[in-house]
Number of protein chains: 2
Amino acid sequence: MSNNQFKRGELYSVINGMASTAVARRLQKNFRQAGLEITIEQWSVLYHLWKEDCLSQQELCNRTFRDKPSITRLIDNLEKQKLVKRMPSKTDRRINLVCLTEAAKQLQNQTIDLANQTMNEALVGVNKEEIETVKQVFQRVYDNLT
Amino acid sequence: MSNNQFKRGELYSVINGMASTAVARRLQKNFRQAGLEITIEQWSVLYHLWKEDCLSQQELCNRTFRDKPSITRLIDNLEKQKLVKRMPSKTDRRINLVCLTEAAKQLQNQTIDLANQTMNEALVGVNKEEIETVKQVFQRVYDNLT
DNA sequence: GACATATAGTTAGTTATGCAACTAATTTCA
DNA sequence: TGAAATTAGTTGCATAACTAACTATATGTC
């Protein structure tokens, strides 16, 4: 086993166990403290709908990197909380369009500010070039494996 | 909302949705194809025990960045598969030491090679400096939030 | 020594994830 | 046109995550 390979193995452990879950936990905690009853996963779905409303479930799978059953159940829960509504597509009867309710639209500013604040806390001492490198590496890794 | 903040929000989405799960899924798939019946989470616990055997559950929490109930159940499942054994500590009766079985020791070479191979696939086109930057950024993020 | 506090681990409840197998609608193409 | 293949979404099953509440042991302090 070469030294380089070992370092790469270490990276796996770093990527999967540490920073990403730390950020997610902190953001979830900030939501709770603000009295917001949504999970971080639900928020990540809403995040994409705020950018573009009424996406199909398949499109949400693509944008959130989740599989279809995961999205089905996240949408189930978001629908129970009356944050989204499934609407049949007029052009393709297989498709559900997932659309925001008024309540969800009102969540946007509040949660985006919390998310930005959390990322600012998380990224103290990290500069723009480093952030850019991380994004590029992750995009590259994703492309390599899919 | 400043432009810089928005970019940081984007990073969150990248970190949590994409590369880390892509790597985990690929590694899990490689385990399955090799006929190995362990999950990626179980493997990550074994990974730390291969480095140092007979750790307490609390120490495994620290090293794998998981909480206590998660480790309790991971160890439950690993014990069912006869890959680890809980041993009472002689000096502190609150503590379980989690020790590898022979079967688990034999898994080591096979799975480490698969993990290295998976990381090599994942990191095609990524250089050492970039890997170092990612590791440093993640360590910094983790330290900022804990 | 005794009571308060801290630490190690477990259990219960809810949400989320991945895979495999399924239904229903659409598209392809012979 | 009609059968085969593809696509969108759901359901069942197993594992894993987090929180909160719990038991048991150890430590600290008066």
Side-chain angles (χ1 to χ4, degrees), chain A residues 16-18 20-33 36-45 54-62 64-81 83-84 86-98 145-146, chain B residues 16-18 20-33 36-45 54-62 64-81 83-84 86-98:
Chain A
N16 272 283
M18 200 174 81
S20 59
T21 58
V23 174
R25 278 180 213 170
R26 172 62 57 97
L27 187 47
Q28 179 75 73
K29 189 176 155 193
N30 287 348
F31 283 166
R32 243 194 336 273
Q33 284 180 350
L36 301 173
E37 295 286 315
I38 58 171
T39 67
I40 188 75
E41 292 84 3
Q42 291 170 355
W43 180 81
S44 80
V45 171
C54 295
L55 298 170
S56 70
Q57 296 190 197
Q58 182 56 54
E59 191 53 37
L60 283 170
C61 292
N62 299 340
T64 65
F65 305 102
R66 293 184 163 84
D67 68 356
K68 290 192 293 178
S70 295
I71 287 295
T72 292
R73 281 157 185 140
L74 276 171
I75 302 301
D76 287 349
N77 286 331
L78 282 167
E79 222 170 15
K80 266 189 233 158
Q81 295 175 260
L83 291 171
V84 302
R86 283 179 170 93
M87 316 281 256
S89 160
K90 283 168 185 159
T91 56
D92 186 336
R93 285 191 300 161
R94 293 170 304 179
I95 292 179
N96 288 336
L97 294 175
V98 180
L145 294 182
T146 52
Chain B
N16 271 285
M18 200 173 84
S20 58
T21 58
V23 174
R25 278 181 213 170
R26 173 61 59 95
L27 187 47
Q28 179 74 73
K29 189 176 155 192
N30 288 348
F31 283 165
R32 243 192 339 271
Q33 284 179 351
L36 301 173
E37 295 284 314
I38 58 171
T39 66
I40 189 74
E41 292 83 4
Q42 291 170 355
W43 179 82
S44 80
V45 170
C54 294
L55 299 170
S56 70
Q57 295 189 196
Q58 182 57 54
E59 191 52 38
L60 282 172
C61 292
N62 299 340
T64 64
F65 307 100
R66 292 186 165 84
D67 67 359
K68 292 191 292 178
S70 297
I71 287 295
T72 292
R73 279 164 184 132
L74 276 171
I75 303 301
D76 287 348
N77 285 333
L78 283 166
E79 222 170 15
K80 267 190 233 158
Q81 294 174 260
L83 291 171
V84 303
R86 282 179 171 94
M87 317 281 255
S89 160
K90 282 167 188 161
T91 56
D92 186 335
R93 287 192 298 162
R94 292 171 304 179
I95 292 179
N96 289 336
L97 294 175
V98 180

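Computed from a predicted model, the values in this text were never measured in an experiment. Quick note on labels: first sequence line is chain A, next is B, and so on, each numbered from 1.
Using modelled atom types, one finds no donor on one side chain facing an acceptor on the other under 3.5 Å when comparing B:N77 with B:Q81.
To the nearest 0.5 Å, the span separating CD on B:Q42 from CG on B:L78 amounts to 4.5 Å.
Atom NZ of A:K90 is separated from atom C1' of D:dA8 by 19 Å (rounded to the nearest Å). Between A:I38 atom CD1 and C:dA16 atom P the separation is 11 Å, expressed in whole Å. The interatomic distance linking B:F31 (CZ) with C:dC19 (P) rounds to 14 Å, in whole Å. Taking atom CD on B:E37 and atom P on D:dT15, their separation rounds to 11 Å, with Å as the unit. Atom P of nucleotide D:dA16 and atom CD of B:Q81 are separated by 8 Å, given to the nearest angstrom. Between the NZ atom of A:K29 and the C1' atom of D:dA17 there is a distance of 17 Å, rounded to whole Å. Regarding A:L74, its CG atom lies at a distance of 17 Å from the P atom of C:dT14, rounded to whole Å. Rounded to a whole Å, the CZ atom of B:R25 is 15 Å from the C1' atom of D:dA16.
One axis for each end of the helix from C:dG1-D:dC30 to C:dA30-D:dT1, each built from five base pairs, and the angle between them comes to 20° at 10° resolution.
Judged as a side chain to side chain contact (heavy atoms under 4.5 Å, CB included), and not counting sequence neighbours, the contacts of B:R94 are B:D92. In this view, B:D67 satisfies the salt bridge (charged side-chain N to carboxylate O under 4.0 Å, His left out) rule with no residue, not counting sequence neighbours. Annotation: side chain to side chain contact (heavy atoms under 4.5 Å, CB included) contacts of B:E41 (sequence neighbours excluded): B:T39, B:R66, B:L74. For B:R93, the side chain to side chain contact (heavy atoms under 4.5 Å, CB included) criterion is met by no residue, not counting sequence neighbours.
OP1 or OP2 of D:dA16 sits under 4.0 Å from a side-chain N or O of B:Q42. The shortest distance between the side-chain N/O atoms of A:R93 and the OP1/OP2 oxygens of C:dA24 is not below 4.0 Å. Residue B:T39 has no polar side-chain atom (N or O) positioned under 4.0 Å from OP1 or OP2 of D:dA14.
The neighbour count for A:Q33 CD, taken as heavy atoms of other residues, nucleotides or ligands under 6.0 Å away, is above 12.
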Seminar exercise, completed: Protein-proximity profile, nucleotides 6-11 of chain C, B/S/- by nucleotide at the 4.0 Å heavy-atom cutoff, equals -BBBBB

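Remark: the backbone N or O of B:R86 is paired with a side-chain donor or acceptor of B:E79 at under 3.5 angstrom. The closest donor-acceptor contact from the side chain of B:E37 to the backbone of B:F31 lies at 3.5 Å or more, if one exists at all.
Taking every side-chain heavy atom of B:R32 into account, C:dC19 is the closest of C:dT15, D:dA16, C:dC19. The side chain of B:D67 lies closest to D:dC18, out of C:dT17, D:dA16, D:dC18.
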